[in-house]
Protein chains: 2
Amino acid sequence: MNRIIPEPSVIRLCLMYRLMERLENNGVKTVFSPDIGENLGITAHTIRKDISFLGEIGNTAAGYDVAKLKDHIHGNLGLDKKRFACIAGLGKLGQALLNYRQFLDGDYRVIAGFDSDINNLEMLRTSVPLYPSYRMTEIVKDMGIELAVIAVPVQAAQEVANRLIAGGVKGIINFAQVNVKSKSGQVLIRNIDLYGELRILSALLNLKETASLKKVNGPDPGKED
Amino acid sequence: MNRIIPEPSVIRLCLMYRLMERLENNGVKTVFSPDIGENLGITAHTIRKDISFLGEIGNTAAGYDVAKLKDHIHGNLGLDKKRFACIAGLGKLGQALLNYRQFLDGDYRVIAGFDSDINNLEMLRTSVPLYPSYRMTEIVKDMGIELAVIAVPVQAAQEVANRLIAGGVKGIINFAQVNVKSKSGQVLIRNIDLYGELRILSALLNLKETASLKKVNGPDPGKED
DNA sequence: CCATCTCTGTGAAAAAAATCACAAAAAATT
DNA sequence: AATTTTTTGTGATTTTTTTCACAGAGATGG
Ligand SMILES: NC(=O)c1ccc[n+]([C@@H]2O[C@H](COP(=O)([O-])OP(=O)(O)OC[C@H]3O[C@@H](n4cnc5c(N)ncnc54)[C@H](O)[C@@H]3O)[C@@H](O)[C@H]2O)c1
Ligand SMILES: NC(=O)c1ccc[n+]([C@@H]2O[C@H](COP(=O)([O-])OP(=O)(O)OC[C@H]3O[C@@H](n4cnc5c(N)ncnc54)[C@H](O)[C@@H]3O)[C@@H](O)[C@H]2O)c1
């Protein structure tokens with residue numbers, strides 16, 4: 001058993017965690033590695049390898065106890081650590097996120113919203129405290145906010161990231177149409193390009209047709225659609 | 001030069017395309033591989049390798065012509081192929097996407113929206129034609145829609161995916177809190193978990209602190225934040 | 001127009017990740 | 001209680017991806 005976990009495994013384990021939550025809700029008590037794989041589009045081999053990075057937890061010949069596996073992942077990845085989050089930019093996308101239940105009562109709770117447009121702030125009905133953009137660094141620092149979501153226009157994104165980082169944010173999810181960076185490289189940043197996802201899909205489809213793609217993801221598929 | 005392109009390279013090339021668009025808008029004429037790398041958080045080596053999968057295009061000792069590289073990626077990845085898209089589920093998130101400019105006038109144009117709630121459909125002000133959910137398969141087939149975005153509640157997601165696939169959709173982006181699957185494995189699916197991104201960030205931060213993560217991404221960072 | 005300097009393109013090497021294959025442990029069956 | 005079946009956990013192997021290193025093509029500059 002290895003205590004050093006590859007990043008792709010961490011990401012898959014997070015997906016497994018979500019799956020275990022759902023299975024537990026549905027009253028499922030036990031799962032086998034091929035079930036998990038089937039659900040996540042990953043081979044059973046990889047599933048078992050990923051889980052084994054966290055130590056032994058399965059039952060030989062009897063699979064994994066759903067609740068136990070969930071807690072195991074939870075504990076080992078430190079998901080029990082609660083963190084505060086904020087949303088910078090409360091336009092169409094920022095508002096949708098701001099009102100999303102999981103962001104309000106989950107482990108990574110949104111406790112502040114920021115926008116440069118004061119009128120916009122006054123219009124919004126929400127239980128989350130909202131602040132003008134110029135107070136971002138100060139508020140982030142005071143509230144101990146560690147995670148941030150950027151949903152501002154492309155021109156403002158890097159500047160907003162800088163202010164968040166100055167306030168002590170350690171992780172950022174960025175939806176603006178530009179990869180934002182942290183100069184020190186110490187802050188984790190995940191750039192998500194929603195429109196770009198369509199571009200990627202289209203490119204993969206094209207290449208799949210002309211057979212010039214090395215591999216298309218997903219493990220042994222079933223038979224029929 | 002290799003005509004078979006690894007999937008990670010395809011994804012990075014799509015990011016490069018976005019960057020070239022922006023640089024061109026800003027009047028930048030030439031870029032060097034380290035610039036591109038710096039912008040995307042990837043090493044210059046990888047950038048050059050990725051580009052070289054598409055054939056020679058750079059100028060020895062003089063970098064890449066922005067417009068030329070953009071068109072080169074565009075052509076080689078088949079991004080010139082226009083495709084129609086639709087959005088299934090017009091709640092908070094679906095509406096934000098539906099009104100996003102790039103989805104309305106980009107190459108992957110949203111030409112239909114679906115919701116099971118007729119009242120909701122009647123309330124919405126948009127230039128995109130909206131349809132009740134039960135017509136999904138029929139409309140998708142008739143309009144020749146190839147790409148779809150799923151933004152329905154978790155319970156409905158797989159069922160909606162099935163209907164889209166029955167209508168002939170070839171690629172799906174799914175925002176519901178469950179990995180949806182295509183039985184044949186022929187349909188490309190990208191599951192995006194917005195809340196899960198926060199979980200991943202938190203897990204990576206925890207592991208970084210306890211030094212039990214194999215590698216944290218991002219190439220040689222600069223000096224200061 | 002020669003020397004030098006710069007940056008691409010790519011085979012080779014290294015690193016990382018996924019897959020395999022099987023021992024071993026427990027459950028199920030007879 | 002012995003045998004068969006099942007399924008985990010993990011070293012070993014294979015595949016994939018990234019990084020390296022440098023030849024070579026062209027720019028630059030005297
Ligand atoms: N809406 C979508 O579906 C969608 C899809 C993909 C990507 N995006 C990206 O997400 C971002 C937000 O999109 P949107 O549609 O919500 O845009 P929007 O224009 O509706 O909202 C942007 C908000 O940011 C605020 N803002 C501007 N500068 C700011 C600053 N310096 N600090 C804080 N707030 C500031 C504005 O006042 C506005 O409220 C954009 O970068 C967009 O490209 C949006
Ligand atoms: N809103 C967010 O910020 C956010 C963030 C992360 C993930 N998500 C996920 O995105 C999805 C949508 O979220 P939301 O906040 O927009 O939810 P929502 O409840 O506001 O909207 C869901 C919409 O889907 C429609 N719908 C239900 N069943 C349908 C069916 N069978 N066919 C077509 N339409 C149907 C509903 O009528 C409703 O309009 C959910 O799965 C949610 O978990 C949302």
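Values in this document were obtained by computation on a predicted structure and should not be read as measured data. The chains referred to below are lettered A, B, ... by the order of the sequence lines, with proteins before strands, and numbering in each begins at 1.
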Figure out the [atom1]/[atom2] separation between [X] and [N], and round it to whole Å.
X: Ile4(B); N: dT16(D); atom1: CD1; atom2: P; value: 10 Å
X: Leu69(B); N: dG9(C); atom1: CG; atom2: C1'; value: 14 Å
X: Met16(B); N: dT8(C); atom1: CE; atom2: P; value: 12 Å
X: Leu13(B); N: dT17(D); atom1: CG; atom2: C1'; value: 14 Å
X: Lys49(B); N: dA14(C); atom1: NZ; atom2: P; value: 15 Å
X: Ile5(A); N: dA18(C); atom1: CD1; atom2: P; value: 14 Å
X: Ile51(B); N: dG9(C); atom1: CD1; atom2: P; value: 7 Å
X: Ile11(B); N: dT18(D); atom1: CD1; atom2: C1'; value: 15 Å

Short N-O contact, Asp105(A) and Arg101(A), less than 4.0 angstrom: yes
Salt bridge Arg199(A)-Glu21(B), side-chain N to carboxylate O under 4.0 Å: yes
Report yes if a side-chain nitrogen or oxygen of [X] is closer than 4.0 Å to either non-bridging phosphate oxygen (OP1 or OP2) of [N]; otherwise report no.
X: Ser33(B); N: dT8(C); result: yes
X: Thr46(B); N: dT19(D); result: yes
X: His45(B); N: dT18(D); result: no
X: Arg12(A); N: dA18(C); result: yes
X: Tyr64(B); N: dT6(C); result: no

Sugar-phosphate only, base, or nothing, as touched by Ile47(A) at under 4.0 Å among non-hydrogen atoms: nothing
Arg83(A) side chain to Asn206(B) side chain, donor-acceptor N/O pair below 3.5 angstrom: yes
Given Leu198(A), Ile200(A), Asp193(A), the one that forms side chain to side chain contact (heavy atoms under 4.5 Å, CB included) with Cys14(B): Ile200(A)
Side chain to side chain donor-acceptor pair (under 3.5 Å) between Arg163(A) and Thr137(A), intermediate numbers included: CA-CA 5 Å; Arg163(A) 287 203 223 169; Thr137(A) 302; 5.6 Å; no
Under 4.0 Å protein heavy-atom contacts per nucleotide of nucleotides 24-30 of chain D, with B for base, S for backbone only and - for none: BBB----
Set of residues satisfying ring-ring contact (aromatic ring centres under 6.0 Å, His included) with respect to Tyr195(B), sequence neighbours excluded: Phe103(A), Tyr108(A)
Counterpart residues, side-chain hydrogen bond (donor to acceptor under 3.5 Å, both in side chains), relative to Lys49(B) (two or more places apart): none
Closest to side chain of Thr43(B), choosing from dT10(D), dT8(D), dT19(D): dT19(D)
